[in-house]
Amino acid sequence: KRRVLVLLDFDGTLAPLVSRPSAARLRPAVRHMLHRLNSHPRLVVAVLSGRSIKDVKKRVGVPSLYYGGNHGLEVKGPGIHFQHPGAFLNGPALRETARMAHLIFQGVPGVEVEPKGFSLSIHYRRVPQRSLSVFRQRLKELRDSARVPLKWRCGRCVWECLPFVPWDKGRAAKLLARHVGAGSLLAVGDDVTDEDMFRAVKKRGLSMRVAPHGPTCADYVLASEADVPILLNQILAAVKGQP
């Protein structure tokens with residue numbers, strides 16, 4: 001039988017959302033479950049994150065998995081090392097935007113600017129309510145200052161700045177599916193950029209969104225990140241029960 005590709009987001013899916021992204025941690029029980037899933041001959045596990053590959057791989061701590069960083073702009077794993085060429089072309093503009101972000105958001109409490117090589121995150125989860133209007137004004141200034149077109153997307157208390165290229169988690173998911181020869185796919189995520197991944201698995205598998213804030217094209221909804229380990233255990237039990 002052909003293998004099943006299990007595509008998982010990290011923040012808000014495998015690990016709880018926290019006020020500081022640098023404090024995100026994977027629970028040992030979840031790491032153990034990822035090991036078990038990946039050791040089954042019919043399953044292939046990939047973690048597709050907005051974080052850089054280096055960052056998410058370190059936090060997951062399971063070296064044999066497939067990893068996608070910067071919303072799929074980079075993909076690494078057994079037999080594959082992909083980096084979207086457009087990410088390199090937009091590198092200087094992203095670095096300049098990151099430099100400007102540090103300047104523009106000075107004095108706005110709670111803003112965290114996170115350069116990630118091929119993308120940039122502006123976190124505002126810890127911005128006090130009284131400062132949100134100032135944050136939005138400064139963000140507009142930052143977006144208007146870009147000298148080349150960049151793609152901006154709003155997630156859960158974060159703005160993502162990405163290269164203006166036709167690529168996303170969905171295209172990365174299809175790339176991985178071809179690479180591993182997957183017969184079906186299962187995608188689990190919690191944020192706006194995961195919707196691209198959900199659309200990519202239509203007619204080829206199932207998608208699940210964790211605690212959606214707004215509309216989703218996912219097939220099913222999970223109440224919270226705490227339900228993800230239960231789901232992973234059910235996936236393992238299902239493939240073990242098949243002849």
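The figures here come from the full heavy-atom set of this structure, side chains too, leaving out hydrogens, waters and symmetry mates. Positions are given from 1 along the sequence. In this text the structure is predicted, and so the values were computed from the model without any measurement.
A continuous path of hydrophobic side-chain contacts links Val60 to Leu236 [ILVMFWY only; heavy atoms under 4.5 Å]. The hydrophobic clustering, which links ILVMFWY residues whose side-chain heavy atoms are closer than 4.5 Å, places Phe82 and Met197 together.
Under the rule for a salt bridge (charged side-chain N to carboxylate O under 4.0 Å, His left out), the partners of Lys116 that lie at least two apart in sequence or sit in another chain are Glu160. With sequence neighbours excluded, the residues that form a side-chain contact (heavy atoms from CB on, under 4.5 Å) with Arg99 are Glu96, Leu103.
We find the CE-CG distance between Met33 and Leu232 to be 6.5 Å, quoted to the nearest 0.5 Å. Rounding to the nearest 0.5 Å places CD of Gln83 at 6.0 Å from NZ of Lys76. To the nearest 0.5 Å, atom CG of residue Leu162 and atom OG of residue Ser121 are 8.0 Å apart. For the atom pair CG of Leu48 and OH of Tyr67, the computed distance is 11.5 Å after rounding to the nearest 0.5 Å.
Among residues at least two apart or in separate chains, salt bridge (Lys or Arg N to Asp or Glu O under 4.0 Å) pairs with a member in residues 197-206 are Asp196-Arg199, Lys202-Asp219.
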Working note: Trp159 + Phe135, criterion ring pair (Phe, Tyr, Trp, His ring centres under 6.0 Å); need CA distance, chi angles, decisive distance, verdict. CA-CA 11 Å; Trp159 276 91; Phe135 168 77; 8.2 Å; no
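For His32, the NE2 atom sits in a loose shell: 12 or fewer heavy atoms of surrounding residues, nucleotides or ligands are nearer than 6.0 Å. Under a cut-off of 6.0 angstrom, the local environment of NZ in Lys174 is sparse, with at most 12 non-hydrogen atoms contributed by other residues, nucleotides or ligands.
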